Peer 1: 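Supplied in structure tokens, the structure appears directly below.
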Amino acid sequence: MPTIPFSHLTLKLLTGIIIYLVWQLNFVVLLQSGYGIEIAFIESMVNLGILTLANMTILQIFRYYNPPSSKFWMILSITAVFSILLPIMAKLIIPLLYSGNTAYTDFLNSSTYVRINISMIVVEFIVVLNLLWNSLQEELKSGSRRQEIQGLAREAELFKLRQQLQPHFLFNSLNSINAMVVSRPQEARKMIEQLSTFLRATINRKEDEMVPYREEMEQIDRYLQIEKLRFGHRLNTIITTAESCDTAQLPPLLLQPIVENSIKFGLYDTTGNVTIEIQSRCENGSLTITVTNPFDPETSPDQKGTGFGLSAVQRRLYLLFGRQDLLAVSTEHNHFITTINIPQIYANRHNN
């Protein structure tokens, strides 16, 4: 999380340094003017004490009060009046501590205008520093709140996407189970067990939590077993995985809508057997998964679009990784090809 350039302690030290420099300037000017070390020390210490007290008062006020930007000039006007009182206060205190030098007394009276201007510059600068620090603090808090709100909105959208995808698959499975209960009760029972195992694995998963590639493929295998019970011998699958992908990670249930989309367009518009191919490889710090299904260009609808399932996957990838180029679709020799890329540097960052 970003931080402001300095803490409240640093603000105190910075204003303290400014007051120290003013004290040194006051002391040296009087000493160089020939008024002696005693007068230079007494006056500079009085001014140091008054400025320090004023600084502590300003710091305490602005630590618990952050005026709106619309009152900026009003604050400066009030502090300008306050700064005028400081040299007047010093002018009243110094003669009580030292009054044996007539030349110095005349100098003290004649330099009142200059002292007031120096006091205004120092005090106004301290006030502006405090206003700036408060503004930075408020911006930091607002940024933190915005990040929290954006995070909650992102999680809500991811949850909504999952809720839209899961019922579609669940309804299809339940309809198939209903059709098999009488004619094929054993297969219906097996399908119920597979469906139960599949759904159990999806519970209590955070949307931005990464899972090992092997675990995701086990879930895909459960899904395919359910679909094979639905479509019988017509559905065949070929899964090829490179050994380098053993340690890869990806978002949970990311492949299920992609494979479902392939089965839909591969089986619904053809009458023969269909083979769905899933190929995975890991190279250049990225997990690349390609899902291929055949289609009949004469009976299948235009597949250049992504449809809800693939558009939901693309949206989910964007919400998780902030990139629009992680999903691509293409056609080649009457085959529809869906390719996703999971940058592993982002996957590891999400998982930590």
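Computed from a predicted structure; not experimentally measured. FYI, side chains are in, hydrogens and waters are out, and symmetry mates aren't considered; it's all heavy atoms of this structure.
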Peer 1: Using a 3.5 Å distance criterion without hydrogens, assess whether the side chain of Ser119 forms a donor-acceptor pair with backbone atoms of Pro87.
Peer 2: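 No, the answer is negative, given that no donor and acceptor are paired below the 3.5 Å cut-off.
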Peer 1: Do Val329 and Ile337 come within less than 4.5 Å of each other through their side chains, counting heavy atoms only?
Peer 2: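 They are not in side-chain contact.
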Peer 1: Parallel, tilted or perpendicular: which fits the ring planes of Phe336 and Phe295, with parallel below 30° and perpendicular above 60°?
Peer 2: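 It falls in the perpendicular class, over 60°.
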Peer 1: By the definition side-chain hydrogen bond (donor to acceptor under 3.5 Å, both in side chains), identify the one residue from Asn55, Thr52, Asn130 that meets it with Thr15.
Peer 2: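 Output: one option passes, namely Asn55.
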Peer 1: Evaluate the criterion side-chain contact (heavy atoms from CB on, under 4.5 Å) for residue pair Asn47 and Val22; output intermediate values, then yes/no.
Peer 2: CA-CA 9 Å; Asn47 287 328; Val22 172; over 6 Å; no
Peer 1: Return yes when atom NZ of Lys228 has more than 12 non-hydrogen atoms of other residues, nucleotides or ligands closer than 6.0 Å, and no otherwise.
Peer 2: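 Enclosed.
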Peer 1: Are any of the side-chain nitrogens in Arg115 or Glu43 under 4.0 Å away from the carboxylate oxygens of its partner?
Peer 2: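 Here Arg115 pairs with Glu43 in a salt bridge, since their nearest N and O are under 4.0 Å apart.
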Peer 1: In terms of heavy-atom contacts, does OH of Tyr113 have more than 12 from other residues, nucleotides or ligands at under 6.0 Å?
Peer 2: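 Counting neighbours around OH of Tyr113, 12 or fewer heavy atoms of other residues, nucleotides or ligands fall under 6.0 Å, so no.
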Peer 1: If you take all heavy atoms of Leu287 and Gln249, which pair is closest and at what distance?
Peer 2: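 The answer is CD2-O, 4.0 Å.
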Peer 1: Using modelled atom types only, decide if a donor and an acceptor are shared between the side chain of Ser196 and the backbone of Glu193 within a distance under 3.5 Å.
Peer 2: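 No, Ser196 side chain to Glu193 backbone: no donor-acceptor pair under 3.5 Å.
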Peer 1: Where the side chain of Ser77 meets the backbone of Trp73, is there a donor-acceptor pair that is under 3.5 Å apart?
Peer 2: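 Yes, Ser77 side chain to Trp73 backbone: donor-acceptor pair under 3.5 Å.
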Peer 1: Can you tell me if CD1 on Ile37 sees more than 12 non-hydrogen neighbours from other groups inside 6.0 Å?
Peer 2: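 Atom CD1 in Ile37 is not crowded, with 12 or fewer foreign heavy atoms closer than 6.0 Å.
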Peer 1: Output the distance between atom CG (Leu267) and atom CG (Asn273), rounded to the nearest 0.5 Å.
Peer 2: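 Separation between the atoms: 9.0 Å.
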Peer 1: Report the distance from atom CD1 of Ile220 to atom CD1 of Ile276, rounding to the nearest 0.5 Å.
Peer 2: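 Atom-to-atom, Ile220:CD1 and Ile276:CD1 are 12.0 Å apart.
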Peer 1: So, do Pro294 and Phe265 sit near enough that their side-chain heavy atoms are less than 4.5 Å apart?
Peer 2: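 Result no, sub-4.5 Å side-chain heavy-atom pair not found.
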Peer 1: Using side-chain contact (heavy atoms from CB on, under 4.5 Å), reason through Thr79 and Ile58 one step at a time and then give a plain yes or no.
Peer 2: CA-CA 9 Å; Thr79 53; Ile58 293 171; 5.5 Å; no
Peer 1: Given the rule that I, L, V, M, F, W and Y join up when any side-chain heavy atoms are under 4.5 Å apart, are Ile75 and Val128 in one cluster?
Peer 2: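 Yes, same cluster.
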Peer 1: Do you reckon Ile93 sits in the same ILVMFWY cluster as Met56, going by side-chain contacts under 4.5 Å, direct or chained?
Peer 2: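 No, Ile93 does not connect to Met56 through the hydrophobic network.
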Peer 1: Side-chain contact test, heavy atoms from C-beta onward, threshold under 4.5 Å: evaluate it for Thr290 versus Ile278 and give yes or no.
Peer 2: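 When only atoms from C-beta onward are counted, Ile278 and Thr290 do not touch, as no gap falls below 4.5 Å.
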Peer 1: Specify the closest pair of heavy atoms between Leu131 and Pro67, including all atoms of both residues, with the distance to one decimal.
Peer 2: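 Smallest heavy-atom distance, with atoms named: CD2-CG, 3.6 Å.
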Peer 1: Count the heavy atoms belonging to other residues, nucleotides or ligands that lie under 6.0 Å from CD of Glu243, then report whether that count exceeds 12.
Peer 2: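 Incorrect, the count does not exceed 12.
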Peer 1: Report yes if the distance between the aromatic ring centroids of Phe41 and Phe27 is under 6.0 Å, otherwise no.
Peer 2: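 When the ring centroids of Phe41 and Phe27 are compared, they turn out to be at least 6.0 Å apart.
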Peer 1: Identify the two heavy atoms, one from Ala248 and one from Gln344, that lie closest to each other, and give their separation to 0.1 Å.
Peer 2: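 Nearest pair, atom of Ala248 first, then Gln344: CA-OE1, 3.4 Å.
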Peer 1: Answer yes if Leu85 and Ile94 sit in the same cluster of Ile, Leu, Val, Met, Phe, Trp and Tyr residues linked by side chain heavy atoms under 4.5 Å apart, and no otherwise.
Peer 2: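 No, it is not one cluster - the side chains of Leu85 and Ile94 are not joined through contacts under 4.5 Å.
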Peer 1: Search all heavy atoms of Tyr65 against all heavy atoms of Asn134 and return the closest pair with its distance.
Peer 2: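 Smallest interatomic distance, heavy atoms only, reads O-ND2, 3.6 Å.
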Peer 1: Count the heavy atoms belonging to other residues, nucleotides or ligands that lie under 6.0 Å from CZ of Phe107, then report whether that count exceeds 12.
Peer 2: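 Enclosed.
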Peer 1: Flag the pair Ile263 / Phe231 as yes when at least one side-chain heavy-atom distance between them is below 4.5 Å, and no otherwise.
Peer 2: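 Yes, at least one pair of side-chain atoms sits under 4.5 Å.
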Peer 1: Quick one: salt bridge (Lys or Arg N to Asp or Glu O under 4.0 Å) pairs with a partner in residues 272-284, sequence neighbours left out?
Peer 2: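 Salt bridge (Lys or Arg N to Asp or Glu O under 4.0 Å) check on residues 272-284 returns Arg281-Glu283.
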Peer 1: Between Leu92 and Leu48, is there shared hydrophobic-cluster membership here, with clusters defined by ILVMFWY side-chain heavy atoms closer than 4.5 Å?
Peer 2: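 No: no chain of side-chain contacts under 4.5 Å links Leu92 to Leu48.
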Peer 1: Could you tell me whether the side chain of Ile342 reaches within less than 4.5 Å of the side chain of Leu254, counting heavy atoms only?
Peer 2: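 A side-chain contact under 4.5 Å exists here.
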Peer 1: Can you find a pair of side-chain heavy atoms, one from Arg323 and one from Pro343, that are under 4.5 Å apart?
Peer 2: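 The answer is yes, as the side chains (C-beta and beyond) meet within the 4.5 Å cut-off.
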Peer 1: Look up atom CG in Leu224 and atom CD in Gln219, then write down how far apart they are to the nearest 0.5 Å.
Peer 2: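 Taking CG in Leu224 and CD in Gln219, the distance rounds to 10.5 Å.
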Peer 1: Indicate if Ile19 and Ile116 have the same hydrophobic cluster label, given that clusters are the connected sets of ILVMFWY residues with side-chain heavy-atom separations under 4.5 angstrom.
Peer 2: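 Unlinked, Ile19 and Ile116 end up in two clusters.
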Peer 1: For the residue pair Glu227 / Tyr223, report whether a side-chain donor-acceptor contact shorter than 3.5 Å exists.
Peer 2: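 Yes, Glu227 and Tyr223 have a side-chain donor paired with an acceptor closer than 3.5 Å.
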Peer 1: Do you know which two heavy atoms are closest between Gln314 and Leu327, and how far apart they sit?
Peer 2: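 Closest approach of Gln314 to Leu327: NE2-O, 4.0 Å.
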Peer 1: Any side-chain heavy atom of Asn261 within less than 4.5 Å of one from Pro257?
Peer 2: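 Asn261 vs Pro257: side chains apart.
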Peer 1: Within this structure, what is the NZ-CG distance for the pair Lys12 and Leu59, rounded to the nearest 0.5 Å?
Peer 2: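 CG of Leu59 is found 7.0 Å from NZ of Lys12.
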Peer 1: Rounded to the nearest 0.5 Å, how far does NZ of Lys91 lie from CG of Leu108?
Peer 2: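 Leu108 atom CG to Lys91 atom NZ measures 6.5 Å (nearest 0.5 Å).
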Peer 1: Hey, mind stepping through Ile340 and Leu326 against side-chain contact (heavy atoms from CB on, under 4.5 Å) and telling me if it holds?
Peer 2: CA-CA 5 Å; Ile340 60 171; Leu326 298 179; 6.0 Å; no
Peer 1: Does either side chain, that of Gln186 or that of Arg189, offer a donor lying less than 3.5 Å from an acceptor on the other one?
Peer 2: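 No, because no side-chain N or O of Gln186 sits under 3.5 Å from a partner of the opposite role on Arg189.
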Peer 1: Is there a side-chain contact (heavy atoms from CB on, under 4.5 Å) between Gln225 and Arg222 once you walk through the steps?
Peer 2: CA-CA 5 Å; Gln225 292 301 321; Arg222 297 187 188 102; 5.7 Å; no
Peer 1: Is there a side-chain contact between Lys71 and Met74 (heavy atoms, below 4.5 Å)?
Peer 2: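 Lys71 reaches Met74 side chain to side chain.
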Peer 1: What are the two closest heavy atoms between Val291 and Ser262, and how far apart are they?
Peer 2: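 Closest pair (atom of Val291, atom of Ser262, distance): CG1-OG, 3.1 Å.
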Peer 1: Find the distance between CG (Leu97) and CD1 (Ile39) and round it off to the nearest 0.5 Å.
Peer 2: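 Going from the CG atom of Leu97 to the CD1 atom of Ile39 covers 12.0 Å.
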Peer 1: Between Thr247 and Tyr213, do the side chains contain an N or O donor and an N or O acceptor separated by less than 3.5 Å?
Peer 2: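 There is no such pair between these side chains.
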